[in-house]
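Please read the structure below before turning to the comments.
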Amino acid sequence: MKGKNSRQNKILFLIENNDISTQEELCALLKKEGFEATQATVSRDIRELSLTKIPSEKTGQKYARLVSSRGIMEEKYPRVLRDGFVSIDKAQSILVLKTVAGMAMAVAAAIDAMNLREVVGCIAGDDTVMIAVRDAASADELMDKITGVTGIQ
């Protein structure tokens with residue numbers, strides 16, 4: 001029986017070399033590679049490995065690993081924000097950012113990883129990110145930063 005570390009290393013290899021957009025696809029590929037893993041196990045692995053979905057030309061979206069702001073994908077965060085962004089609105093010190101369907105988690109992870117001083121935290125659904133901001137003035141500053149990065153007003 002192959003262990004957790006071996007399975008997680010195989011998952012990283014698989015997502016780097018394939019456009020995998022669902023847990024079911026990932027389970028099937030793992031099985032082909034000799035790993036028996038339930039969807040619940042794969043779901044835990046996805047969380048532990050800090051995987052998120054990013055845009056993919058082939059499948060619409062795919063799993064990728066987002067690491068800390070000092071990590072290998074630091075330059076990718078603005079691109080993820082641009083690719084997923086649809087619109088942004090403000091409600092006092094909360095920003096509501098609309099994304100392409102299925103992209104909210106990736107956009108929220110990108111915003112968190114960018115370590116913007118105005119951001120207290122993000123909550124993501126399927127196509128909406130709620131960004132808690134320190135105060136109303138910071139909300140305006142952050143809104144300007146985000147629209148500046150995306151190029152959309």
Side-chain angles (χ1 to χ4, degrees), residues 1-89 94-134 142-143 145-152:
M1 185 166 145
K2 298 178 181 181
K4 176 180 174 179
N5 287 337
S6 179
R7 183 183 65 249
Q8 288 186 347
N9 285 332
K10 182 55 72 172
I11 288 172
L12 293 174
F13 174 81
L14 289 170
I15 66 166
E16 288 173 13
N17 294 287
N18 301 279
D19 282 7
I20 301 170
S21 60
T22 67
Q23 291 180 9
E24 293 83 7
E25 286 177 68
L26 189 51
C27 284
L29 286 172
L30 283 170
K31 187 172 186 173
K32 277 176 126 173
E33 296 287 332
F35 292 87
E36 290 297 326
T38 65
Q39 188 172 347
T41 299
V42 169
S43 180
R44 272 191 304 277
D45 288 338
I46 287 169
R47 238 184 355 268
E48 289 176 14
L49 293 169
S50 299
L51 302 184
T52 190
K53 289 187 177 181
I54 63 170
S56 164
E57 290 181 16
K58 293 180 186 175
T59 59
Q61 55 186 357
K62 67 179 182 176
Y63 282 108
R65 187 172 194 188
L66 293 180
V67 294
S68 72
S69 62
R70 294 182 302 267
I72 57 174
M73 290 194 63
E74 182 175 352
E75 70 281 357
K76 308 268 183 180
Y77 299 134
R79 184 178 59 94
V80 169
L81 180 57
R82 275 191 300 277
D83 289 348
F85 183 86
V86 172
S87 66
I88 192 166
D89 201 356
I94 295 175
L95 295 182
V96 178
L97 192 147
K98 289 293 196 176
T99 71
V100 174
M103 287 294 298
M105 293 284 283
V107 169
I111 290 169
D112 284 339
M114 291 168 77
N115 292 319
L116 301 165
R117 68 166 186 77
E118 300 91 351
V119 176
V120 176
C122 296
I123 299 173
D126 181 60
D127 65 354
T128 305
V129 179
M130 293 190 71
I131 307 167
V133 184
R134 299 202 182 283
L142 182 59
M143 209 164 159
K145 282 183 184 178
I146 289 172
T147 56
V149 167
T150 63
I152 301 172

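By convention here, the first residue in the shown sequence is residue 1. Please read these numbers as outputs of a predicted model, since none were measured by experiment.
- Side chain of Ser43 to main chain of Gln39: no donor-acceptor pair is present (N/O by atom type, distance under 3.5 Å, no hydrogens or angles).
- A salt bridge links Lys10 to Glu33: at least one charged side-chain nitrogen sits closer than 4.0 Å to a carboxylate oxygen.
- Under the 3.5 Å distance criterion, with hydrogens and angles disregarded, a donor-acceptor pair is assigned to the side chains of Lys98 and Thr128.
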**Report entry** Verdict with supporting geometry, Met103 and Asp127, side-chain contact (heavy atoms from CB on, under 4.5 Å)
**Finding:** CA-CA 6 Å; Met103 287 294 298; Asp127 65 354; over 6 Å; no
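- Nearest approach of Val119 to Arg134, heavy atoms of both residues: O-NH2, 4.0 Å.
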Report task. Please report the C-alpha distance between Val120 and Val133 in whole Å, then the side-chain angles of each, then the deciding distance to 0.1 Å, and finally whether the side-chain contact (heavy atoms from CB on, under 4.5 Å) criterion is met. Result -> CA-CA 5 Å; Val120 176; Val133 184; 5.9 Å; no
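- Going from atom CG of Leu14 over to atom CZ of Phe35 covers 8.5 Å, rounded to the nearest 0.5 Å.
- Val100 is not listed as a side-chain neighbour of Asp83, based on a closest heavy-atom distance of 4.5 Å or more.
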Requested in this report: For the pair Leu51 and Ile11, evaluate side-chain contact (heavy atoms from CB on, under 4.5 Å) and give the outcome as yes or no after the intermediate values.
Outcome: CA-CA 10 Å; Leu51 302 184; Ile11 288 172; 3.9 Å; yes
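- The two residues Ala108 and Cys122 come nearest to each other via the heavy atoms CB-CB, 3.9 Å.
- Note that the OH atom of Tyr63 and the CG atom of Asp19 stand 13.0 Å from one another [nearest 0.5 Å].
- Counting only heavy atoms from C-beta outward, the side chains of Met114 and Pro78 approach each other to under 4.5 Å.
- At least one side-chain heavy atom of Phe85 sits under 4.5 Å from a side-chain heavy atom of Leu97.
- Of the inter-residue distances, the one linking Lys62 atom NZ with Thr52 atom OG1 reads 12.5 Å to the nearest 0.5 angstrom.
- Residues Leu116 and Leu142 are in side-chain contact: their nearest non-hydrogen atoms beyond the backbone lie under 4.5 Å apart.
- The closest side-chain heavy-atom distance from Ile146 to Met143 is not below 4.5 Å.
- With values rounded to the nearest 0.5 angstrom, Gln61 atom CD is found 13.0 Å from Ile20 atom CD1.
- Counting heavy atoms from C-beta outward, Arg7 and Thr41 have side chains that approach closer than 4.5 Å.
- Between atom OG1 of residue Thr99 and atom CG of residue Asp126 there is a gap of 7.0 Å, rounded to the nearest 0.5 Å.
- For the side chain to side chain donor-acceptor pair (under 3.5 Å) test, residues two or more places apart in sequence or in another chain that qualify with Arg117 are Glu141.
- With rounding to the nearest 0.5 angstrom, the CG atom of Leu30 is 8.0 Å from the CG atom of Asp45.
- Side chains of Thr147 and Thr150: a donor-acceptor N/O pair is absent below 3.5 angstrom, by distance only.
- No more than 12 heavy-atom neighbours from other residues, nucleotides or ligands sit within 6.0 angstrom of CD1 on Ile123.
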